[in-house]
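First up is the structure itself, then whatever we jot down about it.
In this chain, residues are counted from 1 in sequence order. Just so you know, these numbers come straight off a predicted model, no measurement behind them.
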Amino acid sequence: MKTRTLVAVLLSLAVLAAGVALAPAQGAKVVKIGDLGSKVGVFEGYGKYQTMGLTLAVEELNAKGGVLGHKIEIVSEDDETKPAPAVRKAEKLILQDDVKLLVGAISSGATMAVMDVTKKHKTIHWNSVSCAEFMRTTKYHKYYFSNQPDSRMQANGLAKYILDKMGKKVYIFYTDYAMGQSDGRQFKTAFEKLGGEIVGVAGAPLDTKDFGPWFGDINKTNPDVLFLAFAGTDSLRLMTQLHSFGMTKKYKMAGIDCFLLQQDLPSIAEPMEGFVQLNHFSAFNPDPAMQAFNTKFKKRWNVDANIAAGAYDAVLFWAAAVEKAKSFDSDKVSAAHEGLCLDGTHIGRQCIRKEDHQVVMDMHLYRVEKGKNLPIARIAGADTIGEPMVGKDPVEGFSWEIKKK
């Protein structure tokens, strides 16, 4: 009997000891961040690379001990490139998963819808892909930050080069939803302000399969340049069809930073030859900082990086702000973001402007040559960002009307 009792006690102590030994692992502190992006559909590529950028940043931070002693975990959700699913997934990430940072969405319409959610729940929200002008103006809130050059920044950077180097008459063709409308409006405003002439405008629905019905009007106006505001598979179809109609040889082409990812260019190199766009990253930019980032990205994922480098930077900005605030409290972390700078990024020094939480950074103009985005000029961030317009209507007084000259 005594032997059985002794064995039972020893077994109990062994179990207790095992429990104590396991306690640190079971009680390891974790902080979650949300990755909300398009996983299928028109913008699938952008969502995939956003996840890659976030993962790379989190792995590097965790290797150094995480943030405030917490290991970082990513929870990913598909926004389906639509506002309603994006809102549902954002609510789930915040209320169920308790994320302290949300990065996303991909489409501008979805991102603006999610902004209402992050404002309501006081959740730090970083945007690294969407570019509608409303996000740092009428939709702005204190928990929102962006390192994606918005449509106003892109227009300011592109308009002068196009006018000086490509032509004075431009036709604007855009995808008819938030992103394309925004890019078209801001480019028209910037180009006309410089004295350029917009000879025509047209919008095609998202996920259009046949762009032919619009080509007649483009040819009728005979522009020097086609300014294109599309993205993803829409861009691939559009360029293929423009090329088959001989229009890529007839007109010069320019467009927005997310028109096509670098990974798509080799498959459509001939139609894209000579295409000009503004961007903050290219794997073929010889800048040492850009090459250093691309090297580690490619080592991890076996593919070149692209504009999703912004998602990587967003996590580093958030982590730096959390460490500065010494807290995950969103009000304290938001305040810690303001004026914060990162040095040694892929584009050099980046700083968050306090007034509208937009990151100020340099960008490059690129021209596609043989399937590669090659730099042709560096544009200072201070020259493109424009004045803060929080609470102001960025399209007040705007008209799509064509001004006759």
Side-chain angles (χ1 to χ4, degrees), residues 31-35 50 53-70 72 74 99-104 111 114-115 118-119 121-131 135-137 139-150 152-153 280-281 289-290 292-293 307-363 379-390:
V31 60
K32 296 178 183 178
I33 65 174
D35 164 34
Q50 174 177 285
L54 290 173
T55 302
L56 182 60
V58 166
E59 288 175 349
E60 290 180 1
L61 288 167
N62 281 342
K64 299 175 183 176
V67 58
L68 286 188
H70 291 64
I72 307 168
I74 301 172
V99 301
K100 301 304 180 185
L101 163 69
L102 189 150
V103 180
T111 299
V114 170
M115 288 181 73
T118 53
K119 179 181 180 179
H121 296 299
K122 300 181 178 181
T123 302
I124 301 298
H125 180 183
W126 268 90
N127 161 47
S128 295
V129 180
S130 304
C131 58
M135 290 182 279
R136 63 179 176 121
T137 55
K139 293 289 291 184
Y140 165 87
H141 63 73
K142 67 180 286 187
Y143 306 103
Y144 171 81
F145 299 85
S146 175
N147 57 7
Q148 164 62 17
D150 75 353
R152 181 156 51 117
M153 295 171 71
H280 64 78
F281 186 87
M290 215 163 289
F293 178 80
I307 62 169
Y312 171 92
D313 293 334
V315 175
L316 297 191
F317 265 119
W318 168 79
V322 168
E323 294 287 357
K324 181 181 176 182
K326 295 181 174 57
S327 171
F328 291 110
D329 177 83
S330 57
D331 288 300
K332 294 178 181 179
V333 174
S334 172
H337 271 88
E338 295 181 346
L340 190 64
C341 295
L342 290 182
D343 290 301
T345 76
H346 69 280
I347 195 65
R349 186 174 176 83
Q350 299 183 44
C351 296
I352 301 172
R353 186 162 71 173
K354 181 178 180 180
E355 291 83 358
D356 58 4
H357 294 181
Q358 177 66 45
V359 170
V360 185
M361 61 178 165
D362 292 352
M363 293 175 284
I379 309 294
D383 293 338
T384 65
I385 193 168
E387 66 175 332
M389 294 183 63
V390 172

Apply ring pair (Phe, Tyr, Trp, His ring centres under 6.0 Å) to the pair His125 and Tyr143, showing each step before the final yes or no. CA-CA 6 Å; His125 180 183; Tyr143 306 103; over 10 Å; no

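- When all heavy atoms of Leu68 and Lys326 are compared, the closest pair comes out as CD1-C, 3.7 Å.
- Taking the side chain as every heavy atom from C-beta outward, Met290 and Phe281 approach each other to under 4.5 Å.
- By the 4.5 Å heavy-atom criterion applied to side chains, Leu61 and Val67 are not counted as neighbours.
- Contact of the Asp35 side chain with the Val103 side chain is not registered, since no non-hydrogen atoms from C-beta on lie closer than 4.5 Å.
- Among all heavy-atom pairs drawn from Val315 and Ala57, the shortest one is CB-CB, 3.8 Å.
- Here the side chains of Asn147 and Trp126 are in contact, with some heavy-atom distance below 4.5 Å.
- No more than 12 heavy atoms of other residues, nucleotides or ligands sit less than 6.0 Å from atom NZ of Lys354.
- Val359 places none of its side-chain heavy atoms less than 4.5 Å from the side chain of Phe145.
- In terms of heavy atoms, Lys324 sits closest to Leu340 at CD-CD1, 4.4 Å.
- Screening Lys100, Lys142, His337 for a side-chain contact (heavy atoms from CB on, under 4.5 Å) involving Ile124 leaves a single residue, His337.
- Nearest heavy atom pair, residue Arg136 against residue Gln358, reads CD-OE1, 3.6 Å.
- No more than 12 heavy atoms of other residues, nucleotides or ligands shown are found within 6.0 angstrom of NZ on Lys122.
- Under the 4.5 Å side-chain criterion, counting only non-hydrogen atoms from C-beta, Ser146 is not in contact with Met135.
- Using a 4.5 Å heavy-atom threshold, the side chains of Glu338 and Ile352 count as separate.
- Residue His280 comes nearest to Gln148 through the heavy atom pair NE2-OE1, 4.3 Å, listed as atom of the first residue, atom of the second, then distance.
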Could you walk me through whether His346 and Tyr312 satisfy the ring pair (Phe, Tyr, Trp, His ring centres under 6.0 Å) test, starting with their C-alpha distance in whole Å, then the side-chain angles of each, then the deciding distance to 0.1 Å, before giving a yes or no? CA-CA 10 Å; His346 69 280; Tyr312 171 92; 8.3 Å; no

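- Shortest non-hydrogen contact noted between Ala336 and Ala321 is CB-O, 3.4 Å.
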